[in-house]
Structures are given as structure tokens and as C-alpha cells.
Amino acid sequence: MYRVVYLDSVDSTQEEAKRLYRNRELVNGTIIWAKEQSLGKGRHGRKWYSPKGKGIWFTYAFKTSLRGKELNLLNLAAALGVVDALEDLGLKAFLKWPNDVILSDKKVCGVLLEALFEGDNLAFCLLGIGLNLKDIDEVPGSTSLERELGGSLSEDFVFKKLVDSVVNSIGLVEKEKEVVLSRYRNLCLTLGKEVSFKRNGTLLKGKAIELSSDGGLIVDVNGRIEVLYAELVEDVR
Ligand code: BTN
């Protein structure tokens, strides 16, 4: 179950969720859907282009009993939910760890997971999803649903499909971790590839070999094993 808050324009749906939370108005299962964002946020502090009419930009705020590193599984499950929605539209998508959704080797959708803490207690997860409906020319290496399908789509139709699928997929994580991991593994383009990452300021290179049971990426760096996790941005009240 979810309820939708519609906004014409906002800085970022993630920030709007945090404002509702601080005002004690955030309800479990709320989706904040904005037609455009002036300060859309991507992972690693990057800007996320979110102009009006060009995509679906929303945040799903929910509670979970998962804790610690297992919260990573939510990233994977959200990406799988997007894959399912795209499959319903006739598109075969793949995943780049942790949660980039890829069509024809280009990114069509990104996922950003943030956690809100009340002291030491996890209060809410904020799952932000940005799906390009039309091409975003400012972002090289990206694609859009309309480019891949060669036709136009209604925002309402895609939003409903996407939200139903993502909410359903998130709901499965707590009981079906193994299913999430094995489905993800089959669609993951990162496994078997060379990856580079930073550890304590040093750039390291290695080969991605497996997923860990909590959704981390196991990397072989010249015979030494490292486990990478998607950064979880935390906000404490
Ligand atoms: C990524 O870097 O791949 C994650 C992109 C997440 C973008 C979405 S759009 C809706 C929500 N609000 C934001 O400001 N960001 C997320």
C-alpha cells in the first residue's frame, strides 16, 4: 500500500521527504512524485537532471526491519522492480551494480537510497528513483524509454507501473533475500568485469567476482578480497 503526494515542482523529492519527516508529517508508504526537480540529487553528490516532461522523479518513504549492511539489498530490489516494470513495457533491461538500470548499454534509470535516523534508530528509508522518459541531452551515456521504444508514453501510465513494481519488489526483500540476490546476479553486467573504486583515498582496480549475502560487491584486487557497498546517505534527527 502507498499514498502519493503530487508536486508540480520541488528542489528534490528526497529533500521534500526529509522536510515532511522533520515536521512529523511523513507517513510510512508515502510516494512523493514531482513533475520537475530544480536540485535533483544523484549518487555520490552528483546532480540529477530532472526537467518537466522528461522523466519520472519520485521518492518512496518506507520503514523496514532490515539493518546495517543488509539495507543494501533494498538498492538491489528497487533496481529489480524497475527491470520488471520495463519488461512489462517490452524492454529487456540489465543492471550495473548497485542500482543503475541499463538499456542498450546506456543508463535509463538511477536509484538513490537514503536513511533517516532518530538517534540510533532507523526511522525511514527514502528510495529515490529517476527514470528518463525522454532523452536528457545534458547527460552523456544516458538513454530514455521513448528512444528505446520508438514511441511516446504517458507519464501517469509509466509512473503507476513503476511504482507498483518497485513497491512490490521492496516488500519481498525481508523474506526472500536469496531470490533477490539470484535474480540480481542473473541481470548484473558488473560481475566478471574490471571495476575501479576508492579505498581511503587510493584508487584500486580489481575484478568483480560475486555478490555478498547482504548485496555487497565482492572484488578480487590482485588476490586480496574487498567487499564494496553502495554508500548510504544518513540523516539523523
Ligand atoms: C543515481 O545517481 O543514479 C541516482 C539518481 C536518483 C534520482 C532520483 S529522482 C527522484 C529522487 N529525488 C532526487 O533528488 N533524486 C532521486
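Just follow the structure's listing: the first ligand is 1, and inside any ligand the first atom is 1.
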Surrounding NZ of K47 (heavy atoms of other residues, nucleotides or ligands, distance under 6.0 Å), is the total greater than 12? yes

Could you tell me whether K205 atom NZ has more than 12 heavy atoms of other residues or ligands within 6.0 Å of it? no

Which heavy atom of E36 sits nearest a heavy atom of K52, and at what distance? CB-N, 3.6 Å

Are there any protein N or O atoms under 3.5 Å from the N or O atoms of ligand 1? List them with distances, or say none.
{"from": "ligand 1", "atom 1": "2 (O)", "to": "R43", "atom 2": "N", "distance (Å)": "2.6"}
{"from": "ligand 1", "atom 1": "3 (O)", "to": "K107", "atom 2": "NZ", "distance (Å)": "2.6"}
{"from": "ligand 1", "atom 1": "12 (N)", "to": "T13", "atom 2": "OG1", "distance (Å)": "2.9"}
{"from": "ligand 1", "atom 1": "12 (N)", "to": "Q37", "atom 2": "OE1", "distance (Å)": "2.8"}
{"from": "ligand 1", "atom 1": "14 (O)", "to": "S12", "atom 2": "OG", "distance (Å)": "2.7"}
{"from": "ligand 1", "atom 1": "14 (O)", "to": "Q37", "atom 2": "OE1", "distance (Å)": "3.4"}
{"from": "ligand 1", "atom 1": "14 (O)", "to": "K41", "atom 2": "N", "distance (Å)": "2.7"}
{"from": "ligand 1", "atom 1": "15 (N)", "to": "K41", "atom 2": "O", "distance (Å)": "2.7"}

Does any donor atom in the side chain of E174 or T64 lie under 3.5 Å from an acceptor atom in the other side chain? yes

For the residue pair Y49 and N132, confirm or rule out a side-chain donor-acceptor distance under 3.5 Å. no

Pairs meeting criterion salt bridge (charged side-chain N to carboxylate O under 4.0 Å, His left out) with involvement of residues 85-99, two or more places apart: D88-K161

